[in-house]
Protein chains: 2
Amino acid sequence: MDFVGFEKHDHTICIGDLIARAEAVCRENNLQFTASRRRVLEILAETHKAMGAYDILDRLAQEGRGSQPPVAYRALDFLVRHGFAHKIEHLNAYIACAHPHGCHAPAFLICRACDAVAETAWTPKIGGLGQAARGAGFSIERTVIEATGLCPRCDVEPRA
Amino acid sequence: MDFVGFEKHDHTICIGDLIARAEAVCRENNLQFTASRRRVLEILAETHKAMGAYDILDRLAQEGRGSQPPVAYRALDFLVRHGFAHKIEHLNAYIACAHPHGCHAPAFLICRACDAVAETAWTPKIGGLGQAARGAGFSIERTVIEATGLCPRCDVEPRA
DNA sequence: GCGCAGAACGTTACAACATAACGGATTGCC
DNA sequence: GGCAATCCGTTATGTTGTAACGTTCTGCGC
């Protein structure tokens, strides 16, 4: 299992890759990757931190793309629905998908000091939990796996 | 791993056990198990469904215990902080702890049809995730593990 | 019992997060 | 060109959660 988010890396590649992937998927599936949706994904992709819907809305408003909540929420719904972004339930915030390739039941490591978020791919029916759920007769459709704590940098030097 | 919540059971025992346990823990640790806190725990314990803070507040208001949000949130904070209740992040709702004995990194199965919630005890550093997190240098302090889907009853007969 | 410190409470006010509903514009398709 | 479906912009409102302040209660040393 690998994580994305805490290591230094060439971030322009992250962004380019993500956008390109989204474009391709939309083309294949006849989804409309509209200007607003694209822009929201770009904004999310600028950072590996989770952003609130209203943070995004502020950005859109600055750019003259409309200033009311539904503008942001609709784009986010689309991105989340199709796996281009994820919602961090614990923070009521959104983040670009860090694994645009392949399927998805992501898990997140959230640093409570610097708000960085790392994402990992996760086996579809999470080891023990999936098995136990089936044992209980429960059929899992979606999972929320979020761990809060300190990332490598903040663990060493608090207030990084 | 076992779950609590979907099976039929003598619910008065659930409640009694939970309250008694909370009382004991508070006595041992010099925590004030005040009337409001106890009442909120009782309200939560009446059902294996998650309740919103404002649902609880309504109940408290009916009983003349104060009608402003902080009344409910303060009691809930206390209960969650000391492990007598949990917050279901996915629902922004709260539920009584179903495993008042022993330590805690709980996982939840949430039925999207009937809103029942089952809780399981979980190994402290969740199998693969904990290991991978340590590998990445991340120290986990708290986990949110929530699976949404259909419980045994709703899976068979939708709209139960 | 008295006085103090810390915790808990009640209330006002507000901040943050999210959606319903409507009409107009755009897109894909025949 | 016309139709259906989708998307967009806006108004309004609903839901969830906190900051802050003064009062009351509780535990505790005297």
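By convention in this document, chain letters (A, B, ...) are assigned in the order of the sequence lines, proteins followed by strands, and residues within each chain are numbered from 1.
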Counting just side-chain N and O atoms, does [X] come under 4.0 Å of either OP1 or OP2 of [N]?
{"X": "A/N92", "N": "C/dA18", "result": "yes"}
{"X": "B/Y94", "N": "D/dG17", "result": "yes"}
{"X": "B/T34", "N": "C/dC9", "result": "yes"}
{"X": "B/Y54", "N": "D/dT16", "result": "no"}
{"X": "B/K87", "N": "D/dT16", "result": "no"}

Shortest non-hydrogen separation from A/R65 to A/R39 and the atoms involved: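 Shortest heavy-atom separation between A/R65 and A/R39 comes out as NE-CG, 3.6 Å.
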Nearest-angstrom distance from the residue atom [atom1] of [X] to [atom2] of [N]:
{"X": "B/L76", "N": "C/dA8", "atom1": "CG", "atom2": "C1'", "result": "15 Å"}
{"X": "A/H82", "N": "D/dC7", "atom1": "NE2", "atom2": "C1'", "result": "13 Å"}
{"X": "A/N30", "N": "D/dT6", "atom1": "CG", "atom2": "C1'", "result": "13 Å"}
{"X": "A/Y73", "N": "D/dG14", "atom1": "OH", "atom2": "P", "result": "17 Å"}
{"X": "B/L91", "N": "C/dC17", "atom1": "CG", "atom2": "P", "result": "18 Å"}
{"X": "A/D58", "N": "C/dA16", "atom1": "CG", "atom2": "P", "result": "10 Å"}
{"X": "B/N29", "N": "C/dA7", "atom1": "CG", "atom2": "P", "result": "15 Å"}
{"X": "B/R81", "N": "C/dA7", "atom1": "CZ", "atom2": "C1'", "result": "11 Å"}

Is the closest side-chain heavy-atom distance between A/I43 and A/D55 below 4.5 Å?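 Answer no - side chains too far apart.
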Test log, rule side chain to side chain contact (heavy atoms under 4.5 Å, CB included), inputs B/F33 and B/L31: CA-CA 6 Å; B/F33 195 48; B/L31 303 172; over 6 Å; no
Check: B/F108 ring centre within less than 6.0 Å of B/H90 ring centre: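 Not under 6.0 Å, so no.
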Main-chain N/O of B/I110 paired with B/E146 side-chain donor or acceptor, under 3.5 Å: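 Side chain of B/E146 to backbone of B/I110, a donor-acceptor pair under 3.5 Å: no, none is there.
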Select from A/F78 and A/G66 the residue whose nearest nucleotide in DNA chain D is closer to the 5' end of that strand.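 Between the two, 5'-proximity favours A/F78.
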Which listed nucleotide (D/dC7, D/dA19, C/dA20) is nearest to the side chain of A/R37?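 That would be D/dC7.
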Heavy atoms from C-beta onward define the side chain here; which of C/dT12, D/dT26, C/dC9 lies closest to that of B/S36?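 Nearest listed nucleotide: C/dC9.
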Touch check for A/R74, heavy atoms < 4.0 angstrom, all strands: base, sugar-phosphate only, or nothing?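 Since a base atom lies under 4.0 Å of A/R74, the category is base.
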Take B/V71 and A/P69, find for each the nucleotide of DNA chain C with the closest heavy atom, and name the residue whose nucleotide sits nearer the 5' end.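 Here B/V71 is the residue nearer the 5' end.
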Report the residue (A/A93 or A/Q32) whose heavy-atom-nearest nucleotide on DNA chain C is the more 5′ of the two.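 The 5'-side residue here is A/A93.
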Per the atom types in the model, does the base of C/dG10 pair as donor or acceptor with the side chain of B/R65 at under 3.5 Å?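 For B/R65, whose side chain was compared with the base of C/dG10, there is no donor-acceptor pair (under 3.5 Å).
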